[in-house]
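These notes concern the structure reproduced below.
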Amino acid sequence: MKEKIATLLQEVEHFKAENAAQIEEFRIHYMGKKGVVQALFADFKEVAAEERKAMGMLLNELKNKVQEKLDAAKNEASASSQTKEHQLDLSLPAATHVGGRHPLSVVRNEINSIFARIGFSISEGPEIEDDFHNFTALNFPEEHPARDMQDTFFIRKNPDVALRTHTSSVQVRVMESGKLPIRIVAPGRVFRNEAISARAHCIFHQVEGLYIDKDVSFADLKQTLYYFAQELFGNETKTRFRPSYFPFTEPSAEMDVSCKICGGSGCNICKYSGWVEILGCGMVDPNVLEACGIDSKVYTGYAFGMGIERITMLKYQVNDLRLFFENDVRFLRQFESA
Ligand code: DAH
């Protein structure tokens, strides 16, 4: 029996399991009810009294060894299955879904490139502005009710600092820089203290345009914006200008385009008028030129400003502005090819 146990100890020592089935087989073979260890314990009863102690120790050694082997094999198996789960499969195809641009970025880029084709470059300015650049230089006198046209977010404790309410503030910064002539578009984010609804948001985006040179006329403005509308909405698009008021332009106008949805015959998008308003514009008021250090007797210019959300809604027939900010992938995926 002594030799038998010694051989078994050797056997157990050299056991190596390759999978869970082999571990289980090993367990049943040694520790099962009819297994090797049980059988040895049965034989143990026959062992002579003087050999019992030594034999008992040997038998326990075997039992412990088997248990040790089982524990070790199980640990190893679970560790290797974990690493397998985390192993990289480098044979898988790369990036199956690449996503796309946000619709507001698509339209902003398109507006920028339409103007770039006729010589406009891109300018940017800060989102946190002072009163001078957002209002005063743009001919909004202090305490003038025109300031109420745009509900402003002021930075607490300092009424001179606010989130810009329009990208017209970039006009001022570019004019101040002193380089003439100027032909720029300024895309950017603007902020107004307005309740959020399907048609309004407290954060939105605009593109401002500014052209300053000698002999710039209202006819130049009309032709430029006519070209822009046709590029953006298609060659059949018509434009019309209605008189309006902005403190920084004189004369001022708003431009409508013929409704793309119904072609001008009337629908609920154009409120059955056949026209939709897309921007404000006008000749830069001489007061603005002077406030920015430009001689208004030598230079004239035009400016325009449009909302990117509004134009995107018209172009893609989106009826709720909030969709642009929720970033629901089901909405965004529809623009991936744009
Ligand atoms: N800043 C105006 C607004 O936010 C838009 C605008 C109107 C800009 C007329 C202009 C302009 O440059 O000439 O409502």
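Numbering of ligands and ligand atoms starts at 1, following listing order.
Nearest to atom 9 (C) of ligand 1 by heavy-atom distance, out of A303, G305, G280, is G280.
Once rounded to the nearest 0.5 Å, the distance linking CG of D215 with OG1 of T300 reads 6.5 Å.
Proximity to S168 (heavy-atom distance under 4.0 Å) selects the following atoms of ligand 1: 1 (N), 8 (C). Every atom of ligand 1 is numbered from 1 in the order shown, and the set under 4.0 Å from a heavy atom of T249 is 13 (O). Atoms of ligand 1 found under 4.0 Å from any heavy atom of G282 (numbered from 1 in listed order, with element): 13 (O).
Classified by interplanar angle (parallel below 30°, tilted 30° to 60°, perpendicular above 60°), the ring pair Y302/Y211 is perpendicular.
Contacts between R192 and ligand 1, counted as non-hydrogen atom pairs separated by less than 4.0 Å, involve the side chain only. Using a 4.0 Å cut-off between heavy atoms, Q206 contacts ligand 1 through its side chain alone, with no backbone atom that close.
Among all non-hydrogen protein atoms, the one lying nearest atom 12 (O) of ligand 1 is E208 OE2, 2.5 Å.
A salt bridge links D256 to R240: one of the charged nitrogens lies within less than 4.0 Å of a carboxylate oxygen.
A side chain to side chain contact (heavy atoms under 4.5 Å, CB included) with I182 is found for one member of V216, L210, D213 and no other, namely L210. Screening R164, H166, R173 for a side chain to side chain donor-acceptor pair (under 3.5 Å) involving E129 leaves a single residue, R173.
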Can you give the donor-acceptor pairs under 3.5 Å from side chains of residues 68-75 to other protein atoms, not counting sequence neighbours?
unit_1: K69; atom_1: NZ; unit_2: E13; atom_2: O; d: 3.2
unit_1: K69; atom_1: NZ; unit_2: F15; atom_2: O; d: 3.2
unit_1: D71; atom_1: OD1; unit_2: Q67; atom_2: NE2; d: 3.2

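Counting only N and O atoms by type, the side chains of T152 and N193 include no donor and acceptor under 3.5 Å apart.
Every N/O-N/O distance between F248 and ligand 1 stays at or above 3.5 Å.
Under a 4.0 Å heavy-atom criterion, Q171 is in contact with ligand 1.
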